Enquirer: 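Provided herewith is a single structure, encoded as structure tokens, for subsequent inquiry.
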Amino acid sequence: MGDSELTKGERERLRPYVSNLDGPVFALTNLPETVKGALFARYSRSPKSLRRLLIDEFLPDDPDAGAANEGPGEKQAHALYDRVLAQYGDDSVAQLGAVHLAVEGASNILTKVLQWGRLASYLEQSTRYIAYADQPGGYYRYHRPTGVMADTALAGRYVTVMDGAFGAYAGLIEPMVAFWERETPDDGTPPPARARAIRARALDSLRGMLPAATTSNTGIFASGQAYEAMIIRMAAHPVSEARTCAAQMLTELRTVIPAFLTRTDRPDRGGAHSAYLAETATATAQHANRHLTSLAGSAPTPAQVTLIDFDPDGEERVVAHALWAASGADLATAREVARQMAPSDRRDVLVAYAGARADRRQRPGRALETTTYTFEIVCDYGAYRDLQRHRLLSLQAQALTPYLGWDLPHELAEAGHAERYAEVQADSAALFAELLVATPSDAAYAVSLAHRVRFTMVMNAREAMHVIELRSQPQGHPSYRLVAQQMHELIATQAGHTQIAAMMSFVDRSDPAAGRMAAERRMAARRGFRLSE
């Protein structure tokens, strides 16, 4: 029976649960996540339409039937999941339901753990736009690790250093606002927009004083499968905050999508997987300690971007794949044609493939994904936090320590606050050393966002275009803008991929003050437009 044959009664029963009753495109509404997932799981194995399935298998004839705490169709959905997911292990079924989850008061160590997975969407409170000068409940916003706070003397030292860093940060906000007010030309930007831009620049200048223990709120939207992987990984993490959060997440998610998470803490499934992750991490670290020298006590490493690997024939590859997709030739033939092309002909193909891009969101197709770059980056942890959010690439990072040194924003020196900034960094490093002896897994909380971290980013040219163009925009933080600009330069000069670099036409090297003011003006104009409607 097709949807056109639904009875009047069936149409009324369906009405609350679909966005329309007749069209070929419609959304599900007012249904529990478990039911939506189960419905789609059945959809793949049934000749029936989705509306027909919903009526026949998930909506009881009596709308009051079922347990009082169950939504429509939940009993049937749980039975399906028990049969398909728990018994047969069809992981794709766990992709069919998703949850919005809030994790509040997470340290900047934990937020990076939460955001490690690729198969989720994240939104994090920003240290760039929110001043961390307030004291809710009488306390600055930083995480207090259980292991540290259990030791009275260590806890006192930890609180003293943390409060000192936050106090110094809070005390310099207005002086740096005044500095940027003096340094920023008046270009006619409306006063409220100008004030926002200047305050954001002041917070940019000072965020390096904040420790990694600084807490923020994170919003996550992910499928049951993504949450399962996240929780299993977090359960194996050496930092207790991550393990505690994993347990809390599992408890809350089971109130919304319990059927998706039946295997997560089973000893033979999720438990065994967590143990595997912990064992391999420990074993690999032991080999690293044997074969590679520790950085402790060595000279600081300067901030830098290094291009480690690239394909010398990368532009030929892109040209070949671009032509191949638009032809009937086999790939080997397309590769040979591209190899024999004159450089000017290859350039013409890439110019055509890039087209006339109107903005950075208009990117060429997947032929750009056939050549890759490996960058090793040393930059401040604050910039790493932003760059780490790019998940369509391969990123690995070393442990956060003070051993690589720290960056001093030039404006702090120009404003006469370099000494206070340096004192915070010295206190941060000293506390790290104490925690490393007493409670090693908590030592990173002491490290400031100004301290450098080393990490690698392996990405194809298409993702490089996205990362470099986005992160070079003038309203971005100066630290990661510089990383993006250096990446672009290395692709053009060291890799010799001048045409691929030229395709990245929205890389921005302009003055950041002008860019931020322009962004605020655009926002003010949009607000004004909405208010005038």
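Everything quoted here is computed from the prediction, not taken from an experiment. Numbering of residues begins at 1 and proceeds along the displayed sequence. All values below come from the heavy atoms of this structure, side chains included, with hydrogens, waters and symmetry mates left out.
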Enquirer: Please report the C-alpha distance between His321 and Arg366 in whole Å, then the side-chain angles of each, then the deciding distance to 0.1 Å, and finally whether the side-chain contact (heavy atoms from CB on, under 4.5 Å) criterion is met.
Expert: CA-CA 8 Å; His321 281 262; Arg366 291 188 175 183; over 6 Å; no
Enquirer: Apply ring-ring contact (aromatic ring centres under 6.0 Å, His included) to the pair Tyr132 and Tyr169, showing each step before the final yes or no.
Expert: CA-CA 8 Å; Tyr132 279 76; Tyr169 164 88; 7.1 Å; no
Enquirer: For His143 and Tyr445, take the angle between the two ring planes, folded into 0 to 90°, and tell me which bin it lands in: parallel under 30, tilted 30 to 60, perpendicular over 60.
Expert: tilted
Enquirer: May I ask you to decide if the ring planes of His477 and Tyr480 are parallel, tilted or perpendicular, using 30° and 60° as cut-offs?
Expert: tilted
Enquirer: In this structure, is the centre-to-centre distance between the rings of Phe455 and Tyr384 below 6.0 Å?
Expert: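 Yes, ring centres under 6.0 Å apart.
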Enquirer: Hey, what do you get for CG (Leu395) to OG1 (Thr456), rounding to the nearest 0.5 Å?
Expert: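 Going from CG on Leu395 over to OG1 on Thr456, the span is 6.0 Å.
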Enquirer: Kindly determine whether His390 and Met459 satisfy side-chain contact (heavy atoms from CB on, under 4.5 Å), including the steps that lead there.
Expert: CA-CA 10 Å; His390 293 275; Met459 66 189 94; over 6 Å; no
Enquirer: Kindly give the heavy-atom pair with the smallest separation between Leu261 and Arg254, and that separation in Å.
Expert: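 Closest approach of Leu261 to Arg254, heavy atoms only: O-NH2, 2.8 Å.
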Enquirer: Quick one: pull up CG in Leu393 and CD in Gln388 and give me the separation to the nearest 0.5 Å.
Expert: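 These two atoms lie 9.5 Å from each other.
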Enquirer: If the condition is salt bridge (Lys or Arg N to Asp or Glu O under 4.0 Å), which residues does Asp407 pass it with, not counting sequence neighbours?
Expert: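 Residues passing salt bridge (Lys or Arg N to Asp or Glu O under 4.0 Å) with Asp407: Arg452.
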Enquirer: Between Asp163 and Tyr140, is there a side-chain heavy-atom distance shorter than 4.5 Å?
Expert: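 In short, these two side chains touch, coming nearer than 4.5 Å.
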Enquirer: Pro24: which residues meet the side chain to side chain contact (heavy atoms under 4.5 Å, CB included) condition with it, sequence neighbours left out?
Expert: none
Enquirer: Do Thr439 side-chain atoms and Leu435 backbone N/O form a donor-acceptor pair below 3.5 Å?
Expert: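 It does not hold such a pair.
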Enquirer: Starting from the C-alpha separation in whole Å, work towards a yes-or-no answer on side-chain contact (heavy atoms from CB on, under 4.5 Å) for Arg52 and Leu6.
Expert: CA-CA 8 Å; Arg52 186 76 260 164; Leu6 291 171; 3.3 Å; yes
Enquirer: For the side chain of Glu241 and the backbone of Ser107, is there at least one donor-acceptor N/O pair under 3.5 Å apart?
Expert: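 Flag set: sc Glu241 to bb Ser107 pair under 3.5 Å.
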Enquirer: Return yes if some donor-acceptor pair links the side-chain N/O of Arg462 with the main-chain N/O of Ala367 below 3.5 Å, else return no.
Expert: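 Answer holds: no.
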Enquirer: Using modelled atom types only, decide if a donor and an acceptor are shared between the side chain of Asp265 and the backbone of Gly270 within a distance under 3.5 Å.
Expert: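 Answer holds: no.
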Enquirer: Under 30°, 30 to 60°, or over 60°: which ring-plane class applies to Phe432 and Tyr403, parallel, tilted or perpendicular?
Expert: perpendicular
Enquirer: Backbone N or O of Arg389 within a donor-acceptor pair of the Arg391 side chain at under 3.5 Å?
Expert: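 Side chain of Arg391 to backbone of Arg389, a donor-acceptor pair under 3.5 Å: yes, one is there.
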Enquirer: With a 4.5 Å heavy-atom cut-off, do Glu369 and Glu463 have their side chains touching?
Expert: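 Side chain of Glu369 against side chain of Glu463, heavy atoms only: no contact under 4.5 Å found.
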Enquirer: How far does NZ of Lys36 sit from CG of Leu31, to the nearest 0.5 angstrom?
Expert: 7.0 Å
Enquirer: If you measure from CZ on Arg481 to CG on Asp508, what distance do you get to the nearest 0.5 Å?
Expert: 5.0 Å
Enquirer: Between atom CG of Leu114 and atom CG of Leu101, what is the distance when rounded to the nearest 0.5 Å?
Expert: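 Leu114 atom CG to Leu101 atom CG measures 9.0 Å (nearest 0.5 Å).
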Enquirer: Take the angle between the ring planes of Tyr43 and Phe40 and call it parallel below 30°, perpendicular above 60°, tilted in between.
Expert: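 Rings of Tyr43 and Phe40: perpendicular, over 60°.
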Enquirer: Output yes when a side-chain donor or acceptor of Arg13 lies under 3.5 Å from a complementary backbone atom of Leu59, and no otherwise.
Expert: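 Flag set: sc Arg13 to bb Leu59 pair under 3.5 Å.
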Enquirer: Using the side chain to side chain donor-acceptor pair (under 3.5 Å) rule, take Ser448 and His451 through it: C-alpha gap first, then chi angles, then the decisive distance, then the call.
Expert: CA-CA 6 Å; Ser448 74; His451 275 98; 2.9 Å; yes
Enquirer: Donor-acceptor pair, Gln362 side chain versus Ala358 backbone, under 3.5 Å?
Expert: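 Yes; at least one donor-acceptor contact below 3.5 Å.
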Enquirer: Is the NZ or CZ atom of Arg51 both under 6.0 Å from the centre of the six-membered ring of Phe26 and within 45° of that ring's axis?
Expert: yes
Enquirer: Measure the spacing between OG1 of Thr374 and CD1 of Ile308 and express it to the nearest 0.5 Å.
Expert: 8.0 Å
Enquirer: Does any part of the side chain of Asn108, heavy atoms only, come nearer than 4.5 Å to the side chain of Leu210, both counted from C-beta?
Expert: no
Enquirer: Give a yes or no on whether the backbone of Thr215 and the side-chain of Arg141 come within a donor-acceptor separation of less than 3.5 Å.
Expert: no
